[in-house]
J.: 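To start, I am sharing the structure in question, which I have written as structure tokens.
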Amino acid sequence: MKLGFSPAEEAFRAECADWLQAQMAGPFKDIKGISKLTASPERRKEWEQHLGEHRWSCIGWPVEWGGRGASLAEQVIFAEEYARAGVPGRVNHIGIELAGPTILTFGTEEQKQRFLPDIAAGRTIFCQGFSEPGAGSDLASVRTKGRLENGEWVVNGQKIWTSLAHISDWIFVVTRTEEGSKGPKGLTFLMMPIDQPGIEIRGITQINGDAEFNETFFTDARCPADSLIGGVGDGWKIAMGLLAFERGVSTLGQQMAFRNELDEIIAAARANGAAKDPLIRQRIAKAEIGLRLMRYGALRMLSNTDHSKIDGAALTYKIQWATWRRGLGELAMDVLGQAGEVAAGDEYEWDTLPNLFLYSRADTIYGGTNQIQRNLIAERGLGMPREPRGDV
Amino acid sequence: MHFAFTEEQAMIAETARAFFAENATSERTRKAMAGQGIDRALWQAFCQELGLSGIAIPEELGGAGLGMVEFAIVAEAAGAQVAAIPLLGHAMAARAIAAGGTAAQQAEWLPAMLGGEVIAACSGSNSVAATGDTLTGSFQFVPHGALAQVFVLRAGAGLWIVRADAPGVSITGHTTMDQTRPLATVTLDAAQGEALADSAAALQAAHEAGWICAAAEALGGAQACLDRTVDYAKERVQFGRPIGSFQAYKHRLADMMIEIEQARSAVYWAACAVDEQSDEAGIALHAAKSFAADTMFMCAGNMIQLHGGIGFTWEHDAHLYFKRARALQTMLGSGNAHREQVATMILGEAA
Ligand SMILES: Cc1cc2nc3c(=O)[nH]c(=O)nc-3n(C[C@H](O)[C@H](O)[C@H](O)COP(=O)(O)OP(=O)(O)OC[C@H]3O[C@@H](n4cnc5c(N)ncnc54)[C@H](O)[C@@H]3O)c2cc1C
């Protein structure tokens, strides 16, 4: 066991920090510190491309696809320095963290060539079309239909909660391609260009007044026959493989963003005297400890090379961070008091901490709700019987 | 950076696990509980056959020369079986003497302690007065204090070695809720002490060993509570189904695992931070002690609830874990006290 980084890795850290800070002080000053996923989309697409040009976009990917073949430790370091420099989250996070690794693992050579360099260069922004009105936690009950017709896939149906679809170029969709099939069988994973007459996107306003997610309607939407990842009927396998990538190195960058949020709470508590309240002190200490443990949990998960056993750190990671952050939002409001309930201007728009309070309610829902996480932990991690299924 | 066991560490873990699982059985632990709260044969075997009593003591002082990570591995395995051994006081005293004792003190005490011939206990007090080389006052709640032949005691800022048989030393053992680690009051009336040469270094070493021992034992204990409850969940049938198929039940098991995984990160983070002399060591130790003890308590409480009536019996081992967890939460600084230390680090002093 070893936590420290080598001198070469520390040098790499300095290189990352220097470059990122220089960008945030210079050409991309205007987007520094943005915490909302929907703010300044055009500038942030430029930032994606800027990262790509300097090969800082997907450093863990092989060099031939626009990465640097960076080691795990280097990826950890980059993710940490990224958030430390106040760089906003990646608008293409679904492309670089989900679509890219999925194509890298399951795609054909031709698909790799077609997509990976463009994702790494920030030219192709992806969104995720899994959920449907009737298929949320129960993803396997998707009904959006796909059929092959004259060498093309034709897709009909509806997805919902599609984050950032309105600024994306491509969407990957789980479709039912076998007529009459049920559950995880008969599904196919397709990649579709969004800019076409058969796809319509309508924004959905969220509890914080923002509209990050959308309804996505497919009416004879089309994509070429070779747009599927894996084979026809492999959709479930690919979708599950993709969800496993969600626990990658990027989680460490996310934690540094959490660090910034906690630091803001600490500063607010100091400024308004809440830092003297013994109960607030206990909660801030708990939040600090929880955040550190998240980091070391992630490092354990990333260091684990024994994939023959269930990795408890990985399996419990989602619910751990989601619950922690939801608690952080509540702590923020307890520190701010009523000042947290008043917007800065006339618009229904919130500063980082009140927005954290509102937004973090989603953390325990998307990517598998806390209840679903507990089912998974009990079933996969502890061998408990599976939940009974109704027959719908 | 590689935050996973090395092959050697995995081997130590397996050896320690097997040793305690085989020897620290419920039957033997209960015999110890009915007696003086120690399984002497187990402690002898641990010190002599297994040779792990000096795992984090330098080789030149007769130890294995490994670090806090390896020590945590051993303490975790002992905690998993609520073993009735004086590991906590031993580790604190041995590390204190190794870090802050004179060569003569090390030569006099360490071989006998590591060999299991001498049992040591540790405690601290702010009201015990030192006059020259004599100490007056009392130390309360000393773990395994009634069995010790030697004490390493903190009186104010100084650390002292005091022999249990020195004139002026009186020891009262107490019937203790956790019978695997009975507490004693040690009263000194102008008793002769021998100051450790470097008390600051000794105190730090003792704290590190004590907090990591408590945290690692709690981690092992918590995991054992979960493992045993998982077994029961598969066996016990109600309403025509195994009770583990009820979602309310499953979710409580999941919650235990979520806490345990964090406790595991905490314990090994703290151990690594101490070994690597990281500037995070302070916060890591406070985090590990408070988080792991709370985790074990949560798991032990759930263990009783999820076993139903049988979990409330003397016969079932659930209460051993429950009582050990309660003791670990309080000893060596409560969770609130450790979190207040963390708060002070990041917020400054309270009012
Ligand atoms: C901000 C945000 C962004 C999102 N982005 C995307 C995206 O980009 N792409 C995408 O495809 N999806 C996205 N989602 C959708 C998200 O994955 C789903 O909302 C989630 O999977 C839950 O599905 P649901 O909303 O249909 O709720 P339901 O599945 O209807 O759940 C309702 C309640 O029932 C509980 N429940 C359901 N099943 C069980 C069970 N077996 N046991 C116990 N309790 C159960 C749930 O925990 C929940 O509390 C996003 C969601 C949010 C909030």
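Letters A, B, ... mirror the listed sequences (proteins, then strands); counts begin at 1.
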J.: Which one wins on heavy-atom pair count under 4.5 Å against chain A: B/Gly335, B/Ala271, B/Gly348?
T.: B/Gly348
J.: Count the heavy-atom pairs under 4.5 Å between each of A/Leu293, A/Ile377, A/Thr316, A/Asp263 and chain B, then report the option with the highest count.
T.: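 Between A/Leu293, A/Ile377, A/Thr316, A/Asp263, the count favours A/Leu293.
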J.: Quick check with a 6.0 Å cut-off and a 45 degree axis cone: is A/Arg300 positioned over the face of B/Tyr268's six-membered ring?
T.: no
J.: With only heavy atoms counted, which part of A/Asn375 is less than 4.5 Å from chain B, the side chain, the backbone, both or neither?
T.: both
J.: Nearest 0.5 Å, please: how far is CG in B/Leu219 from CD1 in B/Ile212?
T.: 12.0 Å
J.: Could you look at B/Ile283 and say if it's the side chain, the backbone, both or neither that has a heavy atom under 4.5 Å from chain A?
T.: side chain
J.: According to the interplanar angle, ranging from 0 to 90°, do the rings of A/Phe78 and A/Tyr82 count as parallel (below 30°), tilted (30 to 60°) or perpendicular (above 60°)?
T.: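 If you compare the ring of A/Phe78 with that of A/Tyr82, the planes turn out tilted.
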J.: Looking at chain A, which one of B/Asn336, B/Asp227, B/Val342 has the largest number of heavy-atom pairs inside 4.5 Å, strictly under?
T.: B/Asn336
J.: Is chain A contacted by the side chain of B/Phe5, its backbone, both, or neither, given a heavy-atom distance below 4.5 Å?
T.: both
J.: Sort B/Val69 into side chain, backbone, both or neither according to what part of it lies under 4.5 angstrom from a heavy atom of chain A.
T.: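 Looking at B/Val69, just its side chain touches chain A.
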J.: Looking at A/Glu379, A/Glu9, A/Met301, which one has more heavy-atom pairs under 4.5 Å with chain B than the rest?
T.: A/Glu379
J.: Return yes when atom CZ of A/Arg380 has more than 12 non-hydrogen atoms of other residues, nucleotides or ligands closer than 6.0 Å, and no otherwise.
T.: no
J.: Indicate yes or no for a side-chain donor-acceptor contact from A/Thr364 to the backbone of A/Ser360 under 3.5 Å, with no hydrogens or angles considered.
T.: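 Here the side-chain-to-backbone pair does not exist.
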J.: Just so I understand: if I count every heavy-atom pair under 4.5 Å between each of B/Ile258, B/Val230, B/Leu347 and chain A, which residue has the most?
T.: B/Leu347
J.: Please classify the contact of B/Arg264 with chain A as side chain, backbone, both or neither, using a heavy-atom distance under 4.5 Å.
T.: both
J.: For the pair A/Tyr296 and B/Phe3, name the ring-plane relationship: parallel under 30°, tilted 30 to 60°, perpendicular over 60°.
T.: perpendicular
J.: Please state whether the side chain, the backbone, both or neither of B/Glu276 comes within less than 4.5 Å of a heavy atom of chain A.
T.: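 Just its side chain gets close to chain A.
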J.: Considering only heavy atoms, which portion of B/Ser290 lies under 4.5 Å from any heavy atom of chain A: side chain, backbone, both, or neither?
T.: side chain
J.: When you look at CE of A/Met240, are more than 12 heavy atoms from neighbouring residues, nucleotides or ligands closer to it than 6.0 Å?
T.: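 For A/Met240, atom CE is crowded (more than 12 foreign heavy atoms under 6.0 Å).
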J.: Measure B/Gln9 against the heavy atoms of chain A and call it side chain, backbone, both or neither at under 4.5 Å.
T.: side chain
J.: Report which part of A/Leu376 has an atom under 4.5 Å of a heavy atom belonging to chain B: side chain, backbone, both, or neither.
T.: neither
J.: Answer with side chain, backbone, both or neither: which region of A/Leu299 has an atom nearer than 4.5 Å to a non-hydrogen atom of chain B?
T.: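 It is both, since atoms from each part get that close.
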J.: Side chain of A/Gln373, backbone of A/Gly368: donor and acceptor closer than 3.5 Å?
T.: yes
J.: Distance from B/Glu259 atom CD to B/Met296 atom CE, nearest 0.5 Å?
T.: 14.5 Å
J.: Which answer fits A/Glu387, side chain, backbone, both or neither, if we ask what part of it has an atom under 4.5 Å from a heavy atom of chain B?
T.: both
J.: Tell me which one of B/Gln204, B/His207, B/Met68 satisfies side-chain contact (heavy atoms from CB on, under 4.5 Å) with B/Arg95.
T.: B/Met68
J.: Look at atom CD of A/Glu10 and say whether more than 12 heavy atoms of other residues, nucleotides or ligands are closer to it than 6.0 Å.
T.: yes
J.: So which part of B/Ser278 gets closer than 4.5 Å to some heavy atom of chain A, the side chain, the backbone, both or neither?
T.: neither
